[in-house]
Structure formats: structure tokens, C-alpha cells
Amino acid sequence: MAITGIKGFNDILPGEVEKWQYIEATARRVFELYGLSEIRIPILEKTELFCRSIGDATDIVEKEMYSFVDKGENKVTMRPEGTASVMRAYVEHKMHAVDPVARLYYMGPMFRYERPQKGRYRQFHQIGAEITGVAAPSVDAQVLTMLTHFFNELGLTEPSLQINSLGCPCCRPLYRDALKKFLLDRIDSLCEDCKRRYESNPLRALDCKSAGCQEATKGAPSMLDYLCGECSAHFDQTRKYLELAGTPYAINKRMVRGLDYYTRTTFEMVTTLLGAQSAVAAGGRYDGLIAEIGGPQIPGIGFAMGVERVALLLAEKEFSRRPDLFIAAMGEDAHAEAFRLMSALQRGGAAVEIDYEGKSLKSQMRRADKFNSRFTLIIGGDELSRGTAPLKDMDGGTQSEVPLDAESIRAGMNGIYSVPSETIIIE
RNA sequence: GUGGAUAUGGUGAAGCGGUUAACACAAACGACUGUGACUCGUUCAUACGUGGGUUCGAUCCCCACUAUCCACCCCA
């Protein structure tokens, strides 16, 4: 039995990987428009970092982390998310001393030990962004606008933006108490999970999928009605700036976040196309996180999106590359000439293919067609002695005679095509 | 961790107790006498997830295991 990969750890093969490259390139391009820089952070961190930031009692920390003890007896964990690491790096390198405002993005694998299903894997990939040092609501709107921009740039209008506010340490406890009081009267109609969570996380009942909980929480008080003056103003201002930016959104009063560090603005990009995994991207403000991991009291806001889920939304689109030229050769001398020309053209920036095994012209033409090559150059004994060869435009079917040197061939191709090589085609 | 479904070639799959394990796509080669896409021909699973069992006989029935998928929990 051949060795197989690990459950929930997937290979991304050619044919699929072009889509990933497209998503990543689009993220880089859009995020950099908004002044962000990439940061690369390690995959392994001290376990304590995630306990402190995400929260000891969350499911991620309680049962989903890939943690182990290394050879130096250190407790380490393969990162389950990116924000904690980015903020650790921010504090560790004292980036706040140079400028408290840091605008960062990252992309890479994350690890959570969960049962795999559609859009959820044990090694999955996130593209995330974080902005520190600005408490103003216009930054919230900016981040949301950038995220929306990104999806629009991919040609996706399906995931829609939902926002909510979770308040701050001064108003959330009041709301929590009010909600508990409300739920107490209907506790019998809640599902078992929500009963169990009644003390630890009563807010969860709000977005529970069970019919009983949906019904029981119908007239429940809303966090938005309990926001303190500052949080309420922050939320209103965020909405105002979203409108100024022309960014569409909906308020979802029942949206709850799973990580402990969120405050005030929280949001999700949701879709109905991915089964149970409705959140394609999610994030929020985390004004207490940097202090929590030992840094100064500096606010932050950010999000992460699941690349697998974005790729699933792009499932209909075909991504492929096509070579500029295929050189078909007959006979050993012609093959040598084809090889020489290929090398010269590749050095000049063209994507070129040849046949390596001396197959028939028919076979080589089929291969050129299979590769979807733009042009095919056909070289045989006659061409070698003549010094020119037919260059066929594979799309139009027309042929022209070009001298056998890299410059002339390039000129022959550029005469018809001006598209740069190595472009990714989206159909 | 829990529940359900499914496991036949590179892919999509038919077959449901005895068959040369269909068909299609992909792939390779060839024909149309140095030029692809159309057409045609040839080749392509001692093999039906793994291990047991029932049977004269099992891809088809039973059991176990494993894997995958989907859902729950939770989350990107």
C-alpha cells in the first residue's frame, strides 16, 4: 500500500493551483492599494500565545490545536490562526515605537484538528490583514471596504457583508446579564448545547441553528441597544463611513464571534453557496489584544479569509496558462535547432514547448493543440537548408514564413499578439 | 468527539451471485501519404478500498476495519 497524505491535509495540484495564485495575487494587489505590507510569520508559536489571545475556554484552544512538546521541552503549537502571531511580532519588534500604526497582511497555512468537511480542512489557508494603532471608526470602514473591494476584484458579488458590534468591556457585561435574564424564562426550549453554554457563552444561543433556539431568542434584547455611548457612537460612525465609501452591508444583530479578543465592530462575509460553511471571511476589532499579550494599550482591527472557501466560490471559473510557442521538429538536426531556438526564446521571456522524444509531426501538432499554444513553428530538413520555417497561428490557422532566429520568431509572433507571456487566462 | 452516506481504471460511471467487468471522456499510437481542432481505427482494470465469512461460485450477500464525503459541534 502506497503512503498516503494525512487526513485533512490536501495537495493543491496544477490546474487548481493557478486559481490560488490568482487569489493571492489579487489580494496582494488590492491590499497594497490600501497601504498594507506583507508580513511573514512562523507556523510554530509558543502554545501560551494562543491560550492568551484566542481564549482558554474557546473550542480552538480546548480541542483543536496541533500542540506538542519539542526537543527543548517547550510547549509549541502549529498556528490555528494568524492574528495572534502578527500581534506577537508587532510587540516583539516594538513596531509601535516607530509608528503605532501598522498595516499588515499575511497569507499561509493554519492548522486545526477538526473533522474535515466541505470548505473545512485540518490544514487550511488564510489570507488576513491587520491594522493597529487607529481607534477611529473610519478605519473600520476602510478595512471593510478593502475586503469588499477584494471580492469584487475577483468578480464575486455573492459573499455579502454583515456587521455587528460586540461592545466593549464596559457595556458587554450589562448586555450579557440582560440576555441571560431573558433566556432564563425560556431555558427549556433551548437545545442541549445552548443550555450547557448558558453560563459560559450565552450569546451563542443567538446564532444557534436549532429551531428551538431560533424561536426562543426571537424577541431577545440586542447588543446594539446596550452599547455604551462610545461604542454606540463608534458603530454609527462606522456605518456613516461605509456609506461614504459606497460599501454595501447589512446589520446582523445576532452575529457572534468565536474568539475572545473581539470588541466593538465585528463582521463576516457570508455566502449561501458553501453548505454549512457560510463565513468566507470574518474579523473584527480587538482593542484589548495587544495589551493582553504584553504590549502597550494599542487598538487593532483585522480579518482573515479562508482561501479554500474563496476558491470554492470561484469553482466555475477555469484558470489555465498557455505557452506562446510550440516548436515541432522532424529529424535530429531539426530537433537540435528547435532546442536551440527554444532556449533562446525562453531566455527572452517567451513560454516555449517542444517535443523531446522524436514523435511524428502529427503527434507534435496534437500536443501543441493540447497545450493550447498560441503559435507553432514547424522545422524539418527543408527548413534547415532554407533558413526559414512556417510559423502557424493556432487560433486563426494562418501561417507565415519566418527566418530561424529568435528575434525574427518573436517579431512574427508579436505582429499578431501583443499579450505578454505567462498571463493567467480566466474564462 | 458524534451521526449519516459512499467506496469499481487517470476521470465519470454500468454491472447487483456464474459476463471477455459495459459505455463515455482522458491518454498513447496510427489512418486522412510534412500541420492540431472534425472523423475513423488500435491500445488502455488477472481487477471491483482492506481483511475475514456465507456459497459449488462473489464486484454483487454478511461482518469488521480503513478511507472519502456530508452534517453536528465549532469555525476561515
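Protein chains get the first letters and strands the later ones, always in sequence-line order, with residue 1 at the start of each.
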Handout entry: Opposite nucleotide pairing with B:rU54, Watson-Crick or G-U, both atom distances under 3.5 Å
Key = none
Problem - Pair A:Tyr105-A:Glu32, side-chain donor/acceptor within less than 3.5 Å - result: yes
Problem - Any-strand Watson-Crick or G-U partner of B:rA28, both distances under 3.5 Å - result: B:rU42
Completion exercise
Among the nucleotides B:rA28, B:rC75, B:rG36, whichever has the atom closest to the side chain of A:Arg120 is B:rC75
Review item, nucleotides 65-70 of chain B N/O atoms under 3.5 Å of protein N/O:
| from | atom 1 | to | atom 2 | distance (Å) |
| --- | --- | --- | --- | --- |
| B:rU68 | OP2 | A:Lys7 | NZ | 3.1 |
| B:rC70 | OP2 | A:Lys118 | N | 2.7 |

Please tabulate, one pair per line, all N/O donor-acceptor pairs under 3.5 Å involving side-chain atoms of residues 76-85 of chain A, not counting sequence neighbours.
| from | atom 1 | to | atom 2 | distance (Å) |
| --- | --- | --- | --- | --- |
| A:Thr77 | OG1 | A:Thr47 | OG1 | 2.7 |
| A:Thr77 | OG1 | A:Ser67 | OG | 2.8 |
| A:Arg79 | NE | A:Pro109 | O | 2.8 |
| A:Arg79 | NH1 | A:Ile41 | O | 3.2 |
| A:Arg79 | NH1 | A:Pro42 | O | 3.3 |
| A:Arg79 | NH2 | A:Pro109 | O | 2.9 |
| A:Glu81 | OE1 | A:Tyr261 | OH | 2.6 |
| A:Glu81 | OE2 | A:Ala84 | N | 2.9 |
| A:Thr83 | OG1 | A:Glu130 | OE2 | 2.7 |
| A:Ser85 | OG | A:Glu45 | OE2 | 3.1 |

Problem - Candidates B:rG34, B:rC75, B:rG30 - which lies nearest the side chain of A:Arg112 - result: B:rC75
Exercise for the section: Look at the side-chain N and O atoms of A:Lys63 and state whether any lies under 4.0 Å from the OP1 or OP2 oxygen of B:rG1. Expected result: no
Practice task
Quote, to the nearest angstrom, the P distance that separates B:rU8 from B:rG3.
Solution key: 24 Å
Under 3.5 Å, which protein N or O atoms sit close to an N or O of nucleotides 37-44 of chain B? Give each pair with its distance.
| from | atom 1 | to | atom 2 | distance (Å) |
| --- | --- | --- | --- | --- |
| B:rA37 | O4' | A:Asp369 | OD2 | 3.4 |

Practice task
Just call it for A:Thr58: base, sugar-phosphate, or nothing, with non-hydrogen atoms closer than 4.0 Å on any strand.
Solution key: nothing
Exercise for the section: May I ask you to verify if any side-chain N or O of A:Ser360 is less than 4.0 angstrom from the OP1 or OP2 atom of B:rG30? Expected result: yes
Completion exercise
When A:His125 and A:Lys359 are each assigned the nearest nucleotide of RNA chain B, the 5'-most assignment goes to A:Lys359
Exercise for the section: In whole angstrom, give me the gap between the C1' atoms of B:rG12 and B:rA22. Expected result: 14 Å
Exercise for the section: Validate the cation-pi geometry between A:Arg122 and A:Tyr113: distance from NZ or CZ to the six-membered ring centre under 6.0 Å, angle to the ring axis within 45°. Expected result: yes
Completion exercise
Picking from B:rG34, B:rA27, B:rA76, the nucleotide nearest the side-chain atoms of A:Ala279 would be B:rA76
Exercise for the section: Report which part of the nucleic acid A:Gln399 touches: base, sugar-phosphate, or nothing (heavy-atom distance under 4.0 Å, all strands). Expected result: base
